[in-house]
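Below you'll find the structure, written out as structure tokens, and then a few comments.
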Amino acid sequence: MADKQVSYPNTVPLPPLSRAADVAELLVGAIDLHCHSGPAAMPRILDHHEELLDAAAAKFRAVLYKDHFYAGMAHAILLEKMFPETNVKLFSGIALNNASGGINPYAVDHAIKLGGKIVWMPTLSAANHVKAMASGNSTFPKTSQKMLDPIPLSSLDANGKLTDDTKKVIDLIAEADIILAGGHLHAAELHVLFDEAARRGVKKMMVNHPTYIVGCNDTDIRQLVARGVKMEHSICMFIEGKSLKYSPDDLAHLIEVAGVDNTILSSDLGLQGSQRPVDGFRSITQILLDLQMPRPAIRKLISDNAARFLDLPVTQSAAQNAA
């Protein structure tokens, strides 16, 4: 394997932890639903195999690989087969960007048949994302090489109604009982999407980084949670690194608004200028301890809520703590 320092540079080291033993114990059984390891069109600091080894060393239960341009199920299947001794379950899904044909029922059907656990609505190709980039949002990572300009995508037609293809995608997700993630659609669009998804039988719904690009405020979060939607907050935005945007108090507030049972913390890490994904989990767990978050609540945030979305049982240690 290539030298990590040459292939994947610009890694932010893990800051010193004042409660390293407690952090290590809490990370046993952790799950990352939003890992951006490589290979990828965007520069990354580690690849899928290295992430698997990091997760195994920390005794994670599962990792879900995300790429904006390709479905990662084949990588997950092969790596799990090649390294069964790690005891880490590997998953992936598909992001409905231009590279996948947009909001494409055929791509979703194929992803489901290959074991995909999540469908992200458009991210980089979302009209909302394209608009945000045009307005000067320079913190979002760029591809290593210039790619074709995106065709802006929306789940809504000119009349503000969900498109027929979006409804077909929703039906496929409902039938397979997998996760519908909002991607980078705007908050106003997410209300329409998740309302219809709930009506059509989707049980696992999630907003990605609701306060970044998506534009959810506290009212949006409360309304979406009331419909059964979970809030996934990106660890990278609360810890030391290029993507730091919010304070520990912001995190505490967002968890309070949605509720612990309706909040998932995922790394959204792998990008340059940031900590490695597992180190990100260490950092956020230290922050949660500093916030005096109860241990059972921390386990829900970094493990059990995500486990239910992946149809994995709640960890025994978490069940004991809750008791």
Side-chain angles (χ1 to χ4, degrees), residues 33-34 66-71 92-112 116-135 137 140 148-217 219-232 234 264 266 268 309:
L33 280 184
H34 197 144
K66 178 181 180 182
D67 192 89
H68 295 289
F69 298 97
Y70 68 85
S92 190
I94 186 168
L96 300 183
N97 291 312
N98 298 146
S100 300
I103 301 176
N104 179 359
Y106 290 93
V108 172
D109 181 51
H110 172 256
I112 290 170
K117 285 291 188 178
I118 185 169
V119 174
W120 295 277
M121 295 304 286
T123 57
L124 306 185
S125 302
N128 180 58
H129 179 97
V130 174
K131 180 179 179 181
M133 296 304 103
S135 68
N137 190 329
F140 199 86
L148 294 173
D149 291 335
I151 299 172
L153 300 174
S154 173
S155 64
L156 307 178
D157 62 21
N159 297 315
K161 305 294 185 183
L162 287 181
T163 65
D164 288 342
D165 279 346
T166 300
K167 293 176 183 177
K168 291 177 183 177
V169 165
I170 289 172
D171 289 341
L172 288 166
I173 292 170
E175 182 180 3
D177 192 26
I178 63 171
I179 307 164
L180 168 62
H184 294 185
L185 301 182
H186 189 270
E189 195 169 345
L190 291 178
H191 285 283
V192 181
L193 173 74
F194 288 125
D195 273 352
E196 185 66 18
R199 281 194 290 268
R200 289 174 176 263
V202 177
K203 299 293 192 295
K204 300 166 183 172
M205 300 179 286
M206 181 169 70
V207 177
N208 308 116
H209 45 69
T211 54
Y212 176 64
I213 294 183
V214 172
C216 286
N217 57 32
T219 299
D220 291 315
I221 291 173
R222 291 189 182 100
Q223 290 175 347
L224 289 165
V225 163
R227 297 186 183 104
V229 184
K230 308 299 183 186
M231 299 295 124
E232 181 199 50
S234 296
I264 293 171
S266 302
D268 202 355
F309 265 20

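For the numbers below, each heavy atom of this structure counts, side chains included, while hydrogens, waters and symmetry mates do not.
For His110, the NE2 atom sits in a loose shell: 12 or fewer heavy atoms of surrounding residues, nucleotides or ligands are nearer than 6.0 Å.
Rounding to the nearest 0.5 Å places CG of Leu172 at 8.5 Å from CD1 of Ile178. To the nearest 0.5 Å, atom CG of residue Leu190 and atom CE of residue Met121 are 9.0 Å apart. One distance of note links CD1 of Ile103 with CG of Asp165; it measures 8.0 Å at 0.5 Å rounding. With rounding to the nearest 0.5 angstrom, the CE atom of Met205 is 9.0 Å from the CG atom of Leu193. With values rounded to the nearest 0.5 angstrom, Ile118 atom CD1 is found 11.0 Å from Lys204 atom NZ. Here Lys117 contributes atom NZ and Phe309 contributes atom CZ; the two are 12.0 Å apart, rounded to the nearest 0.5 Å.
Qualifying side chain to side chain contact (heavy atoms under 4.5 Å, CB included) partners for Asp157, counting only residues two or more places apart in sequence or in other chains: Asn159, Lys161, Thr163. Partners of Phe69 by ring-ring contact (aromatic ring centres under 6.0 Å, His included), not counting sequence neighbours: none found. When the side chain to side chain contact (heavy atoms under 4.5 Å, CB included) test is applied to Arg200, the partners found at least two apart in sequence or on another chain are Lys167, Ile170, Asp171, Glu196. Residues forming a side chain to side chain contact (heavy atoms under 4.5 Å, CB included) with His186 (at least two apart in sequence, or on another chain): Asn128, Ala188. For Lys203, the side chain to side chain contact (heavy atoms under 4.5 Å, CB included) criterion is met by Asp177, not counting sequence neighbours. Every residue meeting the ring-ring contact (aromatic ring centres under 6.0 Å, His included) condition with His184, not counting sequence neighbours, appears here in chain and number order: His129, Phe140, His209.
Using a 4.5 Å cut-off on side-chain heavy atoms (C-beta onward), Phe194 and Leu180 make contact. Pro150 is not listed as a side-chain neighbour of Leu124, based on a closest heavy-atom distance of 4.5 Å or more. You'll find the side chain of Pro122 reaches within 4.5 Å of the side chain of Leu185, heavy atoms only. Side-chain atoms of Ile112 and Glu175, non-hydrogen and from C-beta on, never get closer than 4.5 Å to each other. The closest side-chain heavy-atom distance from His191 to Val229 is not below 4.5 Å.
Between the side chain of Asn97 and the backbone N or O of Thr123 there is at least one donor-acceptor pair closer than 3.5 Å. Judged by distance alone, the side chain of Ser100 and the main-chain N or O of Ala95 form a donor-acceptor pair under 3.5 Å. Asn98 places a side-chain N or O within 3.5 Å of a backbone atom of Ile151 that can act as its donor or acceptor partner. Of the possible polar contacts, none joining the Glu232 side chain to the Ser266 backbone as a donor-acceptor pair under 3.5 Å is found. Proximity of a side-chain donor or acceptor of Asp220 to a complementary backbone N or O of Asn217 within less than 3.5 Å is detected.
Taking every heavy atom of both residues into account, Val214 and Asn208 meet most closely at CG2-O, 3.5 Å. Between Gly160 and Val192, the shortest heavy-atom contact is O-CG1, 4.3 Å.
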